[in-house]
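Okay, so here's the structure we're looking at.
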Protein chains: 2
Amino acid sequence: MNYKEAKDKFISTWGALGTLWGINKAMAQIHALLWISPEPLSMEDIMEELHISRGNTSMNLRQLMDWGIVFKESKPGERKEYFVSEKDVQELARQVAKERSRREIKPVIKVLREVSGIEGDGSKKTEELIKQTKALYELANNADTMMNKIVNQESNWITKTLMKLIK
Amino acid sequence: MNYKEAKDKFISTWGALGTLWGINKAMAQIHALLWISPEPLSMEDIMEELHISRGNTSMNLRQLMDWGIVFKESKPGERKEYFVSEKDVQELARQVAKERSRREIKPVIKVLREVSGIEGDGSKKTEELIKQTKALYELANNADTMMNKIVNQESNWITKTLMKLIK
DNA sequence: TTAAACTTTCAATAATTACTGAAAGTTTAA
DNA sequence: TTAAACTTTCAGTAATTATTGAAAGTTTAA
């Protein structure tokens, strides 16, 4: 496998994984491209490399910046904007965990707390609803608390911790 | 919030979370419904409750069974089939982790190993590709190993472990 | 200021994914 | 066996999501 084959394989695999996890393909592929690029890339560069339109590129770059894993960079004396990705894998993981927690997990936890907190009426189905949503609430809460630990620790905490668990 | 409101809120929230994570809404909602149901439900029951077609119900039940989190149950003397979900939250987490690892993480790890294993040619871009995909490979590998630990431990290992980390 | 160089927005359209419903398939009781 | 009771499959369609491309917007150098 030469450079080009490896690059294309990585970009398309990353895109496919994204799709599977509810992230659109273009967004994941732009991230992949920047992740392995030793230099900042312009919008033109990205459009050309991935064969996607200007609009699509612009929108997905914005999303990646919202996620805090891609940044704008300007080269002195050039009007054009360049983009770079977060390059540290730990920081990438931290940032993704933080955003998924904030956007997706926390709101669900809130609903689970509300639902599992309704008053019992003695019926079997109400008891089951309360019991089962409470169990999910506790699981989600534990997972989320752990995520926040990760987010608020120094960046290699996760590796150290995982290592401890694995051993 | 009364029983019906709470039930509907839980089912729709679970469906929305599924969508966000690449799981189709009907599948997530059927799971939610079975999760809080004290009794096994028939296909008719599910169709009626969620307003979805027979075909949709059948296909998504099969997927839930493939994931190992919903089971068929037959009542003696009845021809109709009934469905129940795994009721233990730990076992649910174990099973989901196991399947996501097998279907999605392991194949990506394989690609990352291949891509990061290409021979360097001295160019900067090849070095960067190797370095960055190797970093992802190691992260994914750690995460996956942890998942497998979870999967192969007794079912409350995860809670105990998370608790230790959180404290 | 102006206009060139660039980015963003968004309505229209394409692509993908999910869902329906009816026909085909399966199982079981008689 | 047959036929009733049920489930699965799948071609067609609907709904959703992603993408384009051109117009509008922004920035900067002169």
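Numbered from 1 within each chain, the chains take letters A, B, ... in sequence-line order. When reading the values below, keep in mind they use all heavy atoms of this one structure, side chains included, and skip hydrogens, waters and symmetry mates.
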Inset, instruction - Looking only at non-hydrogen atoms, find the nearest pair between A:Thr19 and A:Lys25 and report the distance. - result: OG1-CB, 4.0 Å
Inset, instruction - For DNA chain D, determine which residues of residues 50-67 of chain B have any heavy atom closer than 4.0 angstrom to one of its atoms, and list them numerically. - result: B:Arg54, B:Gly55, B:Ser58, B:Met59, B:Arg62
Legend entry - For B:Asp144, all residues meeting salt bridge (charged side-chain N to carboxylate O under 4.0 Å, His left out), sequence neighbours excluded: B:Lys106
Inset, instruction - Using a cut-off of strictly less than 4.0 Å between a heavy atom of the residue and any atom of DNA chain D, enumerate the qualifying residues of residues 23-39 of chain A by number. - result: A:Asn24, A:Ala26
Inset, instruction - Salt-bridge test for B:Arg94 and B:Glu91: reply yes if a basic N is under 4.0 Å from a carboxylate O, no otherwise. - result: yes
Legend entry - Residue mapping more 5' on DNA chain C - nearest nucleotide basis, A:Glu44 or A:Thr19: A:Glu44
Inset, instruction - Check salt bridge (charged side-chain N to carboxylate O under 4.0 Å, His left out) between B:Lys110 and all other residues, then give those that pass, not counting sequence neighbours. - result: B:Glu114
Inset, instruction - Sequence neighbours left out, what passes salt bridge (charged side-chain N to carboxylate O under 4.0 Å, His left out) with B:Arg103? Give chain and number order. - result: B:Glu99
Inset, instruction - Examine the side chains of B:Asn142 and B:Thr145 and answer whether a donor and an acceptor come within less than 3.5 Å of each other. - result: no
Inset, instruction - May I ask whether A:Val84 and A:Ile30 are part of the same hydrophobic cluster, defined by side-chain heavy atoms of I, L, V, M, F, W, Y residues being less than 4.5 angstrom apart, directly or through others? - result: no
Inset, instruction - Kindly say whether A:Leu33 contributes a backbone atom to a donor-acceptor pair with the side chain of A:Ser37 at under 3.5 angstrom? - result: no
Legend entry - Close approaches to DNA chain D from residues 74-85 of chain B, in residue order (heavy atom, under 4.0 Å): B:Arg79, B:Lys80, B:Glu81
Extract all donor-acceptor atom pairs below 3.5 Å that involve side chains of residues 68-78 of chain B and protein atoms in other chains or at least two apart in sequence.
| unit_1 | atom_1 | unit_2 | atom_2 | d |
| --- | --- | --- | --- | --- |
| B:Glu78 | OE1 | B:Tyr82 | OH | 3.0 |
| B:Glu78 | OE2 | B:Tyr82 | OH | 3.4 |

Legend entry - side-chain hydrogen bond (donor to acceptor under 3.5 Å, both in side chains): pairs with one or both residues in residues 129-139 of chain B, sequence neighbours excluded: B:Tyr137-B:Asn141
Inset, instruction - For the pair B:Trp67 and B:Met27, evaluate side chain to side chain contact (heavy atoms under 4.5 Å, CB included) and give the outcome as yes or no after the intermediate values. - result: CA-CA 11 Å; B:Trp67 273 74; B:Met27 181 171 158; 3.7 Å; yes
Legend entry - Steps toward side chain to side chain contact (heavy atoms under 4.5 Å, CB included) verdict (A:Trp35, A:Phe10): CA-CA 10 Å; A:Trp35 178 255; A:Phe10 172 61; 3.8 Å; yes
Donor-acceptor contacts under 3.5 Å from residues 47-55 of chain A side chains, at least two apart:
| unit_1 | atom_1 | unit_2 | atom_2 | d |
| --- | --- | --- | --- | --- |
| A:Glu49 | OE2 | A:Lys7 | NZ | 2.6 |
| A:Ser53 | OG | A:Asn56 | N | 3.2 |
| A:Arg54 | NH2 | A:Glu44 | OE2 | 2.7 |

Legend entry - Residue list, salt bridge (charged side-chain N to carboxylate O under 4.0 Å, His left out) with B:Lys80, at least two apart or on another chain: none
Inset, instruction - Represent DNA chain C in dot-bracket notation, 5' to 3'. Only Watson-Crick or G-U wobble pairs with both distances under 3.5 Å count; pseudoknot-style crossings use [ ] and interstrand partners use |. - result: ||||||||||||||||||||||||||||||
Legend entry - Residue pair B:Leu129 / A:Ala6: nearest heavy atoms and the distance that separates them: CD2-CB, 3.7 Å
Inset, instruction - Identify the 5'-most and 3'-most nucleotides of DNA chain D with at least one atom closer than 4.0 Å to a non-hydrogen atom of chain A. - result: D:dA18 to D:dA29
